Amino acid sequence: MSWHARLAELGIRLPAVAAPVAAYVPAIRTGSLVFTSGQLPFVDGGLRRTGKVGGSVDVEAAAADAKVCALNALAAVDDLVGLDEVARIVRVVGYVASAEGFTGQPRVVNGASEFLGKVFGEAGQHARSAIGVAELPLGAPVEVELTVELRG
């Protein structure tokens, strides 16, 4: 089954690629790898919410935002090389804008990881970092970047 077909089976449509908010490209290929730029939880051109996790944003909402970030990253991959060229998800890096004392970054980034597992199955198992930061661009609560390996 193609990854596009799997998304359709899950009732998910890839969004348009989010326009860069600075001087970068959404994704770049080198050899058999694609690296995405950090993706924010944009929906229809705007952030779903702003704020810090453990403050004005709760863990469940931030995990849902991490899923949106991962979906936006997949859109960038699809635009560059075609989603069905993906062999596996290699690495996920999640940045979580964290209120003082918040240490639940892994639970937030699980939103992206679990989503990728549903879409890609075993090929969605990946290495990961979940990093707490003071601020993210535009006040976003979470940002996610992917590294994917392409088929042959």
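Numbers for residues simply follow the sequence, beginning at 1. This one's a predicted model, so the numbers in the text were calculated from it and none came from an experiment.
Without hydrogens or angle criteria, Trp3 side chain to Phe120 main chain gives no donor-acceptor distance under 3.5 Å. Remark: side-chain polar atoms of Asp58 are paired, donor with acceptor, to backbone N or O of Ala61 under 3.5 angstrom. Side-chain atoms of Asp78 never come within 3.5 Å of backbone atoms of Leu14 as a donor-acceptor pair (strictly under, hydrogens ignored). Panel note: side chain Lys52, backbone Pro141; no donor-acceptor pair is recorded below 3.5 Å. Distance alone, capped at 3.5 Å, is enough to place a donor-acceptor pair between the Arg128 side chain and the Pro106 backbone. Ser37 places a side-chain N or O within donor-acceptor distance of the main-chain N or O of Val25, the cut-off being under 3.5 Å. Between the side chain of His126 and the backbone N or O of Gly124, at least one donor-acceptor pair lies under 3.5 Å. Remark: the backbone N or O of His4 is paired with a side-chain donor or acceptor of Asp84 at under 3.5 angstrom. In this structure, Arg29 contributes its side chain and Leu150 its backbone to no donor-acceptor pair below 3.5 Å. Side-chain N or O atoms of Thr36 include one that pairs as donor or acceptor with a backbone N or O of Leu146 at under 3.5 Å.
Taking CG from Leu138 and OG1 from Thr50, the interatomic distance works out to 9.5 Å, rounded to the nearest 0.5 Å. With rounding to the nearest 0.5 angstrom, the CG atom of Leu71 is 4.5 Å from the CZ atom of Phe115. Taken from CG in Leu74 to CG in Asp79, the straight-line distance is 12.5 Å, to the nearest 0.5 Å. If you take CZ on Arg107 and OG1 on Thr103, they are separated by 7.5 Å, rounding to the nearest 0.5 Å. Between Ser2 atom OG and Glu85 atom CD the span is 11.0 Å, to the nearest 0.5 Å. Taking CD1 of Ile131 as the start and CD of Glu143 as the end, the distance is 10.0 Å to the nearest 0.5 Å.
Residues Val148 and Leu33 are not in side-chain contact: their nearest non-hydrogen atoms beyond the backbone lie 4.5 Å or more apart. Side-chain contact between Val77 and Val86 is present, with heavy atoms from C-beta onward closer than 4.5 Å. Taking the side chain as every heavy atom from C-beta outward, Leu7 and Val119 approach each other to under 4.5 Å.
Glu9 CD: more than 12 foreign heavy atoms inside a 6.0 Å radius. No more than 12 heavy atoms of other residues, nucleotides or ligands shown are found within 6.0 angstrom of CD1 on Ile28. Arg151 CZ: more than 12 foreign heavy atoms inside a 6.0 Å radius.
Remark: the Arg91 side chain and the Ser129 side chain contain an N/O donor-acceptor pair separated by less than 3.5 Å.
Phe35 and Leu40 are assigned to two separate hydrophobic clusters, defined by single-linkage of ILVMFWY side chains at heavy-atom distances under 4.5 Å. Residues Val90 and Val92 are members of separate hydrophobic clusters, defined by side-chain heavy-atom contacts under 4.5 angstrom among Ile, Leu, Val, Met, Phe, Trp and Tyr. There is a path of hydrophobic side-chain contacts, each under 4.5 Å, that joins Leu83 to Leu116. Note: the hydrophobic cluster containing Val68 does not contain Tyr95 (ILVMFWY, side chain heavy atoms under 4.5 Å, direct or indirect links). Placement of Leu47 and Val57 in two distinct hydrophobic clusters is found when ILVMFWY residues are connected by side-chain heavy-atom separations under 4.5 Å, directly or transitively.
Across every non-hydrogen atom of Gly54 and Phe102, the tightest pair is CA-CD1, 3.8 Å. Across all their heavy atoms, Ala140 and Ala97 have their closest contact at O-CB, 3.6 Å.
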As a quick check of understanding, evaluate side chain to side chain contact (heavy atoms under 4.5 Å, CB included) for Val34 and Leu80, giving each step before the final call.
CA-CA 9 Å; Val34 172; Leu80 182 68; 4.0 Å; yes
